[in-house]
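Encoded as structure tokens, the structure appears first; notes follow it.
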Amino acid sequence: MIKTINVKKSFGTLEVLKGIDLHIKKGEIVSIVGASGAGKTTLLQIIGTLSRPDIGDVFINDVNISSLSQVEISRFRNQNIGFVFQFHHLLPEFTALENVCIPAFISKKNKKEAEARAREILDFLNLSGRLEHKPSELSGGEQQRVAVARALINSPAVILADEPSGNLDSKNKEELHNLFFSLREKFNQTFAIVTHDESLANLSDRIIRMKDGLIE
């Protein structure tokens, strides 16, 4: 499902990734852990096509995304990858329903189809009573679930999460962690999660530990 071969990345003279070989199977939930500066987020951004490696190849579903043009990468990302970030990045002027629909509109789905799919996902996430609420009217846990719904709207094969529970209290953290496994059971998606949360890491199918730009 996800494979990287000798991925290297530098920023100026700082070598952040020093040759990453990684394989994540379809339907697997993997946590990527390590100290700050280990290269975790950079690796996730490269897997997610938000950044290009200086050297190496990245494959998702047997597609070598390193060889795609910028337009092709944008289309591939929209159709195949969902993102969940620590800071929800919800647009404050839009309702929960509208925020979730945005990636579907980008992929040219019609409004009726997009809203029906968004309502289905938000209902699955126990947010059916919050569709018309704006982010400022939602709790932190609700905002994060809206962000998860947005990541799911185009039925991506891969969900990438960067410190998804970093701003949540203990109760909402546990609910979010359990949610990932419920989503895997329902949609058979593959998850790569960068986290400092040991409880989430220990729930994962596999832990990948990074240190100084390498996998230990």
Side-chain angles (χ1 to χ4, degrees), residues 1-89 102-103 106-107 147-148 150-166 180 183-184 188-197 200-201 204-216:
M1 165 56 70
I2 300 172
K3 183 167 68 172
T4 71
I5 301 173
N6 193 34
V7 165
K8 297 183 179 182
K9 181 71 175 182
S10 295
F11 296 97
T13 59
L14 178 63
E15 191 177 18
V16 178
L17 299 179
K18 302 175 182 178
I20 299 293
D21 295 311
L22 173 67
H23 183 228
I24 301 173
K25 295 180 291 187
K26 180 175 177 58
E28 194 172 21
I29 296 180
V30 169
S31 287
I32 303 171
V33 304
S36 297
K40 306 182 301 297
T41 294
T42 300
L43 176 61
L44 202 73
Q45 289 174 341
I46 287 174
I47 292 172
T49 74
L50 298 174
S51 178
R52 286 184 180 268
D54 298 328
I55 297 171
D57 294 300
V58 179
F59 295 84
I60 295 180
N61 267 351
D62 296 323
V63 175
N64 187 347
I65 58 177
S66 307
S67 67
L68 300 179
S69 70
Q70 200 58 52
V71 171
E72 290 169 333
I73 282 176
S74 296
R75 186 181 304 117
F76 183 90
R77 182 191 309 127
N78 178 256
Q79 295 173 353
N80 294 277
I81 303 171
F83 296 92
V84 182
F85 300 102
Q86 177 177 356
F87 302 102
H88 325 293
H89 297 303
I102 289 170
I106 291 171
S107 66
V148 171
R150 182 183 57 194
L152 294 170
I153 187 70
N154 286 338
S155 302
V158 175
I159 301 291
L160 303 179
D162 192 359
E163 298 289 357
S165 57
F180 289 146
L183 293 171
R184 192 255 300 270
N188 196 33
Q189 281 154 327
T190 304
F191 286 79
I193 305 168
V194 165
T195 184
H196 282 103
D197 192 305
L200 173 55
S204 304
D205 299 322
R206 184 158 54 102
I207 297 174
I208 295 169
R209 297 190 182 277
M210 292 188 66
K211 183 178 181 180
D212 298 332
L214 292 167
I215 292 175
E216 288 190 300

For the atom pair [atom1] ([X]) and [atom2] ([Y]), what is the distance rounded to the nearest 0.5 Å?
X: I24; Y: D205; atom1: CD1; atom2: CG; value: 10.5 Å
X: I159; Y: F180; atom1: CD1; atom2: CZ; value: 8.5 Å
X: I73; Y: I81; atom1: CD1; atom2: CD1; value: 9.5 Å
X: K25; Y: M1; atom1: NZ; atom2: CE; value: 12.5 Å
X: D162; Y: L43; atom1: CG; atom2: CG; value: 10.5 Å

Item to check | Check: Q45/T42 side-chain N/O donor and acceptor closer than 3.5 Å | outcome: no
Item to check | Residues K18, L214; criterion side-chain contact (heavy atoms from CB on, under 4.5 Å); working and verdict | outcome: CA-CA 6 Å; K18 302 175 182 178; L214 292 167; 3.7 Å; yes
Next on the checklist: Run V33 and M210 through side-chain contact (heavy atoms from CB on, under 4.5 Å) and show every step you take.
Outcome noted: CA-CA 6 Å; V33 304; M210 292 188 66; over 6 Å; no
Would a distance-only check, ignoring hydrogens and angles, find a side-chain to backbone donor-acceptor pair under 3.5 Å from [X] to [Y]?
X: T4; Y: I20; value: yes
X: N154; Y: N78; value: yes
X: S69; Y: E72; value: yes
X: E163; Y: H196; value: yes

Closest heavy-atom pair and its distance - [X], [Y]:
X: A151; Y: V84; answer: CB-CG2, 3.9 Å
X: S155; Y: Q189; answer: C-NE2, 4.3 Å
X: D21; Y: I215; answer: O-CD1, 3.7 Å
X: I29; Y: S204; answer: O-CB, 3.5 Å

Checklist entry - Given side chains that start at C-beta, do those of V30 and L22 come closer than 4.5 Å, heavy atoms only? => result no
Checklist entry - With a 4.5 Å heavy-atom cut-off, do P156 and Q79 have their side chains touching? => result no
Checklist entry - Can you pull the salt bridge (charged side-chain N to carboxylate O under 4.0 Å, His left out) pairs that have at least one residue in residues 28-41, sequence neighbours excluded? => result E28-R206
Next on the checklist: As a quick check of understanding, evaluate side-chain contact (heavy atoms from CB on, under 4.5 Å) for L17 and I46, giving each step before the final call.
Outcome noted: CA-CA 10 Å; L17 299 179; I46 287 174; 3.7 Å; yes
Checklist entry - So V158 and N80, side-chain contact (heavy atoms from CB on, under 4.5 Å) or not? Walk me through it. => result CA-CA 6 Å; V158 175; N80 294 277; over 6 Å; no
Show which side-chain atoms of residues 47-62 pair as donor or acceptor with protein atoms under 3.5 Å away, not counting sequence neighbours.
residue, atom, partner, partner atom, Å
T49, OG1, R77, NE, 2.7
T49, OG1, R77, NH2, 3.4
R52, NH1, S66, O, 3.3
R52, NH2, L68, O, 2.7
D54, OD2, S10, N, 2.6
D57, OD1, N64, ND2, 3.3

Checklist entry - Which pairs, with at least one residue in residues 207-216 and sequence neighbours excluded, count as a side-chain hydrogen bond (donor to acceptor under 3.5 Å, both in side chains)? => result none
